[in-house]
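Both backbone and side-chain heavy atoms feed into the values below; hydrogens, waters and symmetry mates do not. Throughout, protein chains are lettered first and strands after them, A, B, ... in sequence-line order, and every chain is numbered starting at 1.
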Amino acid sequence: MATRTLRTTYDPRAVEMPRYTEWMRAGYFRALVDPSRTRGSSRGPFVIMLPLPNVTGESHIGTASTFSIQDVLIRWRRMQGRNALWQPGTDHAGIATQNVVEREIAREGLTLEALGRERFVQRVWQWKETYGNIIVEQLKRMGFSCDWDRYIFTLDPPYYDAVLEAFVRLFNQGLIYRGKRMVNWCPRDQSAISDLEVEHVEVDTQLWHVRYPGAGGGPGITIATQRPETILADVAVAVHPADPRYAALIGTEVVVPIVNRRVPVIADTRVDREFGTGALKITPGHDPMDNEIGTDHKLPTLVILDPRGRMTADTGKYAGQDRFEARKAVGADLQALGLLERVEPYRTNVGTCDRCHAVIEPYISDQWFADMTSMAARAAEAIRSGRVRFHHERWAKIVLQFLDHIRPWTISRQLWWGHRIPVWQCDVCGERTAAKTPLERCPKCGGGPVKQDPDVLDTWFSSGIWPFATLGWPMETPDLRYFYPGDVLVTANEILFLWVARMIMMGLHFMGDVPFTDVYVAPTVMTLEGRRMSRSLGTGIDPLEMVDGRGYGADAVRFALISRCSQAQQDLRFNEKMIADVRNFNTKIWNATRFVLMNLEGFDHRRAPAAGDLGPADRWIRSRHAQLSRAVTAHLEAFEFDKAARALYEFIWAEYCDWYLEMAKVDLQDAPSGSARRAAIQHTLWSVLSDTMALLHPIMPFLTEEIWQQLPHHGDSLMIAPWPAPDPDAVDADHDRMMDTLMSVVRALRSLRSELGLPPSQRISVHVRADEASGRLLAPVGRHLAALARTDPVSIEPLSLPRPRESVTAVLSGVEVSIPLGGLVDPAKERDRLARALRDLDAELLSLQRRLDNPDFVQRAPADVVEREQGRAEDLRARRQRLHEIAAALGDGPAR
RNA sequence: GGGCGGUUAGCUCAGUGGUUAGAGCGCAUGCUUCACACGCAUGAGGUCACAGGUUCAAAUCCUGUACCGCCCACCA
């Protein structure tokens, strides 16, 4: 073939997108039911459900990292021959999307009310058509090999139908019920949210100490509160029954300031005597614990805040004030009344809405709840029995903790964008009926007109059925039978409860089986300072900006993230430099390929080299490659992506490029064109590089495909090439040892050269003297030794021969290398060098000898360990002896 | 308040009982060595957070302490 010339740098921008288009066109991402590839077989299905990004989503380093891991798994399994399905889609993301569009219409001076439900929902659809594909395009740009033909949006009609089906079934099973409860209310979003959507944040606030005078004119009781505005809704003051300070007051009445309401002093063990004054004001309308206490003591519930968090009309002068405004106003009035004893600074947690960050209001309202108790128990059992495994396994404990303490799930949202709750209530008899198709009349009383519930479902309710609803459920489709249950779920730890736990619960409930067997929890990507990456904080790295803006390419971003995804860490500190480093790695691979291509004239891959035609370097790199291939596969199987990436990096750079290619240069010089020997070298250059590209492909699909296509004899895409099977026969301990010896000799020579200030351009003559074993190892690579150390041709002589005079010598195990310098040897420097070498050797020998002199060690340590240490000691003593000889020959031997 | 993780070279991290603890980056020195200066070579740099303990042997196992981070939690 003709020599190809390639540029010395690789431009990912020029190749990545066109290549992706080609893959798409070829249909490589597609997964189809194939009964001949049976479940559980080596060619059977392998399924990953993409953690569906929000339609409002944009490229984010966190998604880039979890999705890169998924693509590694999918591409690797696909190459292994599995029928790999990566199911993509996007989430309608109820509150998030509604907020975005609400802001949009607000800019036009419109409000929700003015627009009306139907027109608003239409607007959101319009918005979705315009912007909803951004995230999909970004995923494609990263090279992710999802089966886009199967792309699903959670409000697509079939998926919508599945969501309603799930609701109706749970409703009819009595697992969904309606109730008037205290829920987490977001005054900004005007909706209930679930416990999991509340983010607790630490804030500095104040603790107000307020006196409630006794109804009979006594001093009364002083309480401590963070929320003086809720005093208006107080219905009691509670103290601990065993608190001597207040024992006499229990059963008496005190007067709530401002509203002058007489309320009882009650006793309840839930009061903490240590906190504040030990007396607790009871506000059942605005505090969860007070609500419980109020219920138990049959106290009335007063409400003084409206759904927007403003004081209600019946609060007199405070009516209409925001809760925080009212807090100050009430505080001032208490002060004026002389009932505010003191205000102290106080640090505490407040609940905020995870979408809009408004402070959550505990609020009593009518909502739909799902009772998850039995589902959680089954999910917990599945995890405990190992049917679902977590990586790292510590996450299992955390999920179990959640499942073991499961609480009712508030599933209704007072929004317009989402799956509308399929419940119709009869105007006449009040009966509520769940049905997938709209009802006209009440089925209970037969005639009453019905109205549909106005609320929509929690977004996470619909994503909980993602693993099977995407495959056609509730219909028994071939897809569902073939692809469910799936295999791996890769996600960030922040949605373990919101999503992962719920998929396990729903999968077991509706499908009778877990949705996946392995959950890999990816680390959270942080800045170098340990701050969360976030666009709003300006601390983020935008992967797309790295890929195209900075020109590093998708491969570099993927490798940089994956090589640092260790299971042990829950954080991943990351910066742009790490991506730039991978770009350098890519250039290195690219140039190694150029070198290989330049040396493939006349190469025919069908001419498999005979064993005798392979040189020592060829055998060594084939041996190392076989070991690499085994290691990479094992690491991927163990979800150790960082180790797989590092093994590849190490092999390519430090073994293939730094040593093998340099040695191959020597071999190519020696092997005549057209010879079998030359063909063997070419075959090694080509096959090791090709197979390494295959191993690297799941992590860096674009560069590896590009090189695969440049290398001769690869017709089809690397995407569908077989995963390299390690060749056990290639593993060659003798040649591994040979190279170890060669490397240490070469390094010793380079080190001497550097220390003596001999520039690389200066050829030097060296004497290598070796004992029998080392001599045998070095003899076949003498030419390489000379080339790598840039010396005149060397002959390997027996160690028993005398050292050359007037030379400097490095002493290795079984080998000595000497550089004759004639009169240029500086005895002082040389003595110094030898003294340092001796000092290191002695230190090592000393600690070793101490161990060997310890009878406990010799008796108790395993025999092989003792034997090895004895061997080492012997070697060290021999080397020390030689160093002493050299020093003695110099005269004025170094002080011991 | 409960739970979990981390602490190893200037930085980011490997290293889970057995050589004198490693890598990449950064730093220093030298190099237009015919694939690559986004490179090559050589080198400096660590009392493995601290204190106890177990063991013939501890960065590694156990206990405690400190600091950093995360999750859960109705002490107002």
Side-chain angles (χ1 to χ4, degrees), chain A residues 6 8-10 182 195 200 207 223-227 230 238 270-277 279-283 287-293 346 348-349 351 362 392 394-395 397-398 401-402 405 493-494 496-497 524 526 528 530 532 563-564 566 568-575 577-578 580-599 642-643 646 649-650 653-654 657-658 661-662 665 747 750-755 757-761 787 790 840-841 843-845 847-848 851 854-862 864-866 868-869 872 876:
Chain A
L6 300 172
T8 58
T9 53
Y10 162 77
M182 181 157 276
D195 295 339
H200 294 273
L207 200 55
I223 57 92
T225 181
Q226 282 180 63
R227 304 196 57 188
T230 64
R270 280 165 284 197
V271 177
D272 181 354
R273 278 169 282 183
E274 309 298 316
F275 188 89
T277 61
L280 172 66
K281 73 190 205 61
I282 300 298
T283 321
D287 181 274
M289 185 166 86
D290 291 8
N291 192 262
E292 270 180 34
I293 294 177
Y346 184 58
T348 188
N349 282 309
H392 186 281
R394 94 179 93 96
W395 297 109
K397 263 195 286 182
I398 291 171
Q401 207 173 352
F402 166 70
H405 299 95
N493 69 57
E494 62 189 10
L496 279 176
F497 306 156
T524 310
M526 315 274 265
L528 285 191
R532 223 192 193 87
S563 62
R564 288 157 200 279
S566 104
Q569 301 276 123
Q570 58 186 27
D571 297 341
L572 194 176
R573 294 188 179 204
F574 197 72
N575 71 355
K577 184 73 176 67
M578 297 172 182
D581 291 344
V582 181
R583 185 264 324 269
N584 295 355
F585 178 47
N586 286 352
T587 307
K588 185 77 181 174
I589 298 173
W590 188 247
N591 282 295
T593 305
R594 290 178 60 231
F595 173 81
V596 171
L597 288 172
M598 280 176 208
N599 287 287
D642 56 329
K643 289 183 185 162
R646 272 199 305 270
Y649 185 97
E650 181 78 10
W653 204 313
C657 291
D658 285 352
L661 291 187
E662 294 307 318
K665 286 175 186 172
R747 287 193 177 113
R750 284 170 175 170
S751 186
L752 281 181
R753 186 196 266 285
S754 166
E755 213 165 333
L758 304 169
S761 52
R790 305 187 63 75
D840 290 351
L841 219 53
E844 191 176 347
L845 193 52
S847 83
L848 196 54
R851 213 168 315 158
N854 180 350
D856 282 336
F857 172 72
V858 181
Q859 271 168 33
R860 301 205 191 190
D864 61 314
V865 172
V866 177
R868 195 183 58 221
E869 302 291 61
R872 276 184 52 220
L876 288 174

Worksheet entry | Shortest side-chain distance from His200(A), nucleotide among rC31(B), rC13(B), rA73(B) | rA73(B)

Item to complete: Answer whether the closest heavy-atom distance between the side chains of Val866(A) and Phe857(A) falls below 4.5 Å.
Response: yes

Fill in: Out of rC36(B), rG39(B), rU42(B), whichever nucleotide has its closest atom nearest the side chain of Arg594(A)
rC36(B)

Item to complete: Specify the separation, in whole Å, of atom CZ of Arg747(A) and atom P of rU42(B).
Response: 7 Å

Worksheet item: Taking CG from Leu597(A) and P from rC36(B), how many angstroms apart are they, rounded to a whole number?
Response: 14 Å

Practice prompt. For Arg872(A) and Leu848(A), indicate whether the former's side chain and the latter's backbone hold a donor-acceptor pair under 3.5 Å.
Written response: no

Discussion item. What is the distance, to the nearest angstrom, from the CH2 atom on Trp395(A) to the P atom on rG5(B)?
Written reply: 10 Å

Worksheet, complete the sentence: Between CD of Glu292(A) and C1' of rC74(B) the distance, given in whole Å, is 7 Å

Worksheet item: In whole angstrom, what separates Asp840(A)'s CG from rA21(B)'s P?
Response: 11 Å

Practice prompt. Indicate whether OP1 or OP2 belonging to rA14(B) is found under 4.0 Å from a side-chain N or O atom of Gln569(A).
Written response: yes

Fill in: Out of rC4(B), rG43(B), rG26(B), whichever nucleotide has its closest atom nearest the side chain of Ser751(A)
rG43(B)

Discussion item. Once hydrogens and angles are ignored, does a donor-acceptor distance under 3.5 Å link the base of rA35(B) to the side chain of Glu662(A)?
Written reply: yes

Worksheet item: Would you say Asn591(A) reaches rC38(B)'s phosphate, i.e. side-chain N/O to OP1/OP2 under 4.0 Å?
Response: no

Discussion item. So, OP1 or OP2 of rA76(B): does either fall under 4.0 Å of a side-chain N or O from Tyr346(A)?
Written reply: yes

Worksheet entry | Nearest-nucleotide pick for Glu844(A), side chain only, options being rU20(B), rC4(B), rA76(B) | rU20(B)

Worksheet item: If only side-chain N and O atoms of Ser754(A) are considered, is one of them under 4.0 Å from the OP1 or OP2 phosphate oxygen of rG30(B)?
Response: no

Worksheet entry | Side-chain N or O of Ser847(A) closer than 4.0 Å to phosphate OP1/OP2 of rU19(B) | no

Fill in: Nucleotide opposite rC70(B) in a Watson-Crick or G-U pair, distances under 3.5 Å
rG3(B)

Fill in: Lys/Arg N to Asp/Glu carboxylate O, Asp864(A) vs Arg868(A), below 4.0 Å
no

Item to complete: Indicate whether any N or O donor in one side chain lies under 3.5 Å from an N or O acceptor in the other, for Arg594(A) and Asn591(A).
Response: yes

Fill in: Heavy-atom donor-acceptor pair, Thr593(A) side chain to Ile589(A) backbone, under 3.5 Å
yes

Worksheet entry | Check: Arg583(A) side chain, rC38(B) base, donor-acceptor under 3.5 Å | yes

Worksheet, complete the sentence: By the Watson-Crick or G-U definition, both distances under 3.5 Å, rG39(B) is matched with rC31(B)

Worksheet, complete the sentence: Quick note, Met578(A) side chain, CB onward, closest among rC4(B), rC38(B), rU12(B) is rU12(B)

Item to complete: Report the base-pairing partner of rC25(B) (Watson-Crick or G-U wobble, both distances below 3.5 angstrom), or none.
Response: rG10(B)

Worksheet entry | Side-chain-base donor-acceptor pair under 3.5 Å for Lys588(A) and rC36(B) | yes

Discussion item. From CZ of Arg573(A) over to P of rA14(B), roughly how many Å is that when rounded to an integer?
Written reply: 12 Å

Discussion item. Please pick, from rA76(B), rU20(B), rA73(B), the nucleotide with the shortest atom-to-atom distance to any side-chain atom of Thr225(A).
Written reply: rA76(B)

Item to complete: May I ask you to decide if the ring planes of Trp653(A) and Phe585(A) are parallel, tilted or perpendicular, using 30° and 60° as cut-offs?
Response: parallel

Worksheet item: Hey, does the side chain of Lys643(A) come within less than 4.0 Å of rG15(B)'s phosphate (OP1/OP2), counting only N and O?
Response: yes

